[in-house]
2 protein chains.
Amino acid sequence: MEERQPELCRVEDALSILVGKWKPIILLHLLQEDTHRFNELKRKLPGITQKMLTKQLRELEDEDIVVRTVYPQVPPKVEYAISEYGRSLEPILEAMHEWGQNHTLRKNQKNKDES
Amino acid sequence: MEERQPELCRVEDALSILVGKWKPIILLHLLQEDTHRFNELKRKLPGITQKMLTKQLRELEDEDIVVRTVYPQVPPKVEYAISEYGRSLEPILEAMHEWGQNHTLRKNQKNKDES
DNA sequence: CTTTACAGTATCTTTTAGTATACTATGGTT
DNA sequence: AACCATAGTATACTAAAAGATACTGTAAAG
């Protein structure tokens with residue numbers, strides 16, 4: 001981790017791709033089931049607006065995490081899939097999920113102890 | 001990662017502790033050198049305001065990541081250290097740093113190719 | 001007697017992230 | 001002729017994060 005220079009840290013670069021109310025869960029869905037159409041994904045994310053979903057997907061596409069395929073049809077058909085490169089985020093998401101699970105347990109335990 | 005239910009994902013719980021413009025670098029400094037006084041840390045974070053630093057440290061303290069020790073002296077002396085529990089974040093930060101480093105290389109390469 | 005260091009708090013403003021709602025084009029269905 | 005689904009865009013708004021700036025109390029140093 002550049003032990004001697006936290007200034008050179010690149011944690012933020014990874015973080016910036018993962019943060020947001022919707023990105024982790026979008027990525028988890030895409031990791032689980034490779035291709036999704038726009039509305040299919042939207043249905044799996046209750047509460048998200050079209051604008052938000054479009055924005056998140058464009059940002060992921062810009063970073064080569066997600067691949068967007070447009071089929072020239074009417075009505076439109078657009079498929080989103082995780083890229084090979086995007087899959088390299090899986091261990092990080094996995095580690096965060098495990099840490100988060102443990103953290104939640106810890107907090108619940110703490111609250112129980114206090115009551 | 002609860003392969004079948006991204007809805008149950010706890011990635012956000014870990015993420016919420018790590019995100020922000022300052023938290024990762026604060027944690028890296030504390031991981032590297034265990035105890036810091038308030039102003040010592042502030043000097044290592046060019047551009048941060050006192051308010052921000054206080055806020056970030058309080059949040060980390062609330063999650064038991066950081067331990068705050070007040071010495072009843074004048075002028076005040078307060079020390080911040082990472083907790084044992086806080087150290088459990090190290091592998092995640094490490095993984096993100098490595099991913100981020102690679103990602104930065106990838107982007108630079110891409111820009112070079114385009115020019 | 002003024003200044004400095006320490007570790008903050010109190011207000012206010014700006015920036016960014018996210019939400020709400022309406023609108024587009026096209027073709028097929030009722 | 002009206003309506004539905006598709007995958008969006010446009011505009012306006014609210015909430016949350018971050019920044020700027022000024023202030024506090026105490027003791028020691030100059």
Side-chain angles (χ1 to χ4, degrees), chain A residues 9 11-30 33-63 65-82, chain B residues 9 11-30 33-63 65-82:
Chain A
C9 123
V11 170
E12 280 297 346
D13 299 73
L15 221 42
S16 70
I17 283 169
L18 261 16
V19 287
K21 186 168 167 185
W22 303 104
K23 279 194 188 125
I25 195 156
I26 290 174
L27 289 171
L28 291 179
H29 279 292
L30 290 176
E33 199 187 314
D34 194 35
T35 69
H36 283 77
R37 294 186 61 175
F38 184 86
N39 275 354
E40 185 183 354
L41 205 43
K42 184 165 181 291
R43 277 187 292 268
K44 289 188 177 178
L45 303 169
I48 199 170
T49 61
Q50 269 157 297
K51 189 192 166 184
M52 246 321 115
L53 183 52
T54 301
K55 197 183 160 222
Q56 305 307 308
L57 288 170
R58 290 289 187 286
E59 287 172 11
L60 292 169
E61 198 196 347
D62 289 345
E63 303 290 352
I65 307 298
V66 154
V67 178
R68 178 171 179 261
T69 313
V70 181
Y71 296 85
Q73 310 181 343
V74 166
K77 177 177 173 184
V78 178
E79 276 185 353
Y80 292 92
I82 194 128
Chain B
C9 124
V11 171
E12 281 295 348
D13 299 74
L15 222 41
S16 69
I17 284 170
L18 261 18
V19 287
K21 187 169 169 185
W22 302 105
K23 278 192 190 128
I25 195 157
I26 290 173
L27 289 171
L28 291 180
H29 278 292
L30 290 176
E33 198 187 315
D34 196 33
T35 69
H36 282 78
R37 295 185 62 172
F38 184 85
N39 276 355
E40 184 184 356
L41 205 43
K42 186 166 180 289
R43 277 187 291 266
K44 288 189 179 178
L45 304 168
I48 199 171
T49 61
Q50 268 155 299
K51 187 194 167 184
M52 250 318 118
L53 182 52
T54 302
K55 198 184 159 222
Q56 305 306 309
L57 288 169
R58 289 289 187 287
E59 287 172 12
L60 292 169
E61 197 195 349
D62 289 346
E63 302 290 353
I65 308 298
V66 155
V67 179
R68 179 171 178 262
T69 313
V70 182
Y71 296 85
Q73 310 180 346
V74 165
K77 177 177 173 184
V78 179
E79 276 185 354
Y80 292 92
I82 194 124

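OP1 or OP2 of C/dA7 has not a single side-chain nitrogen or oxygen of B/R68 nearer than 4.0 Å.
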Donor-acceptor pairs under 3.5 angstrom involving side-chain atoms of residues 54-62 of chain A: please list them, not counting sequence neighbours.
from  : atom 1 : to    : atom 2 : distance (Å)
A/T54 : OG1    : A/Q50 : O      : 2.8
A/R58 : NH1    : A/Y80 : OH     : 3.3
A/E59 : OE1    : A/K23 : NZ     : 2.5

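Across all strands, A/Y80 comes closer than 4.0 Å only to sugar-phosphate atoms, never to a base (heavy-atom distances).
When rounded to the nearest whole Å, the span between CD of A/E61 and P of D/dG8 equals 9 Å. D/dA18 atom P lies 10 Å from atom CD1 of B/I26, rounded to whole Å. Nucleotide C/dG8 holds its C1' atom 8 Å from the CZ atom of B/R58, rounded to whole Å. Atoms NZ (B/K21) and C1' (D/dA20) sit 13 Å apart, rounded to a whole Å. Following rounding to the nearest Å, A/E79 (CD) and D/dT6 (C1') show an atom-to-atom distance of 13 Å.
Looking only at side-chain heavy atoms (C-beta outward), A/I48 and A/L41 stay at 4.5 Å or farther from each other. Put simply, the side chain of A/L45 reaches to within 4.5 Å of the side chain of A/H29, judged on heavy atoms. Within the 4.5 Å cutoff, no side-chain heavy atoms of B/M52 are placed close to those of B/K21.
Nearest heavy-atom pair, B/I82 versus B/L30, reported as atom, atom and distance to 0.1 Å: CG2-O, 3.9 Å. For the pair B/E12 and A/P24, the tightest heavy-atom approach, listed with the atom from each and the gap, is OE2-CG, 3.5 Å. Nearest heavy atoms, A/K42 versus A/T49: CE-C, 4.4 Å. Listed here is the closest heavy atom pair of B/K77 and B/E79: CE-OE2, 3.7 Å.
For DNA chain C, the neighbouring residues in residues 37-56 of chain A, judged by any heavy atom under 4.0 Å, are A/K51, A/M52.
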Table of protein N/O atoms under 3.5 Å from nucleotides 28-30 of chain D N/O atoms:
none

